[in-house]
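Everything below concerns the one structure shown next.
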Amino acid sequence: MVLGWSTTATAALRTYPVAPDVRLNVRSGPGTDYTIVRVLPEGSRVPIYCQTPGTTVTGPYGTSNIWDNISNGEYVSDTYVQTGSDGYVASRCA
């Protein structure tokens, strides 16, 4: 059953909370010069498929140049995602 497989695959993927009270810009690439493709509402959680260096940003969780790939062609600054680490928590994007 396709639905069962999809549900299982989604359940196995870890998600991380976005900083409280933040509407987070999602960009088309790993930096503030990239186009905003959507805005996540307050209270969002995001998956991290891979991470890559980009523009250095200061946010609620420090200053970093790590950007999280949360979907195909969608990136958010890791400084707005509570990963529990100041470093990489996922593999580097290819």
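We use all heavy atoms of the structure for the numbers below, so side chains are in, but hydrogens, waters and symmetry mates are not.
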ask   = Honestly curious: do Ile66 and Tyr75 fall in one hydrophobic cluster under the side-chain, below-4.5 Å linking rule?
value =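 Shared cluster, no.
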
task = Give a yes or no on whether the backbone of Gly29 and the side-chain of Trp67 come within a donor-acceptor separation of less than 3.5 Å.
result =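 Between the backbone of Gly29 and the side chain of Trp67 there is no qualifying donor-acceptor contact (under 3.5 Å).
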
ask   = Does the Gln51 side chain pair with the main chain of Cys93, one donor and one acceptor, at a distance under 3.5 Å?
value =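 No; zero donor-acceptor contacts below 3.5 Å.
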
Atom pairs and distances, side-chain donor-acceptor, residues 16-26, under 3.5 Å, sequence neighbours left out:
none

query = With sequence neighbours left out, which residue pairs that include part of residues 75-94 fulfil the salt bridge (Lys or Arg N to Asp or Glu O under 4.0 Å) condition?
reply =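 Found none.
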
task = Hey, could you give me each pair passing salt bridge (Lys or Arg N to Asp or Glu O under 4.0 Å) that has a residue in residues 57-66? Not counting sequence neighbours.
result =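 Counting only pairs at least two positions apart or across chains, no salt bridge (Lys or Arg N to Asp or Glu O under 4.0 Å) contact touches residues 57-66.
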
Tell me which donor-acceptor pairs under 3.5 Å the side chains of residues 31-48 have, and how far apart each pair is, sequence neighbours excluded?
unit_1: Arg38; atom_1: NE; unit_2: Glu74; atom_2: OE1; d: 2.9
unit_1: Arg38; atom_1: NE; unit_2: Glu74; atom_2: OE2; d: 3.3
unit_1: Arg38; atom_1: NH2; unit_2: Glu74; atom_2: OE1; d: 2.7
unit_1: Ser44; atom_1: OG; unit_2: Pro41; atom_2: O; d: 2.6
unit_1: Arg45; atom_1: NE; unit_2: Thr15; atom_2: OG1; d: 3.0
unit_1: Arg45; atom_1: NH2; unit_2: Thr15; atom_2: O; d: 2.8

request  = Report the residues that fulfil side chain to side chain donor-acceptor pair (under 3.5 Å) with Thr79, sequence neighbours left out, ordered by chain and then residue number.
outcome  =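 Partners of Thr79 under the side chain to side chain donor-acceptor pair (under 3.5 Å) test: Ser77.
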
ask   = Which pairs with one or both residues in residues 57-66 pass side chain to side chain donor-acceptor pair (under 3.5 Å), sequence neighbours excluded?
value =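 Those involving residues 57-66 are Thr58-Thr63.
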
key: Interatomic distance, Arg27 atom CZ to Ile70 atom CD1 [nearest 0.5 angstrom]   =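 Between Arg27 CZ and Ile70 CD1, I get 12.5 Å after rounding to 0.5 Å.
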
task = Check whether any side-chain heavy atom of Asp68 sits under 4.5 Å from a side-chain heavy atom of Tyr49, and report yes or no.
result =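 The answer is no; the side chains never approach within 4.5 Å.
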
ask   = Is any side-chain heavy atom of Tyr88 closer than 4.5 Å to a side-chain heavy atom of Thr83?
value =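 Contact flag for Tyr88/Thr83 side chains = no.
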
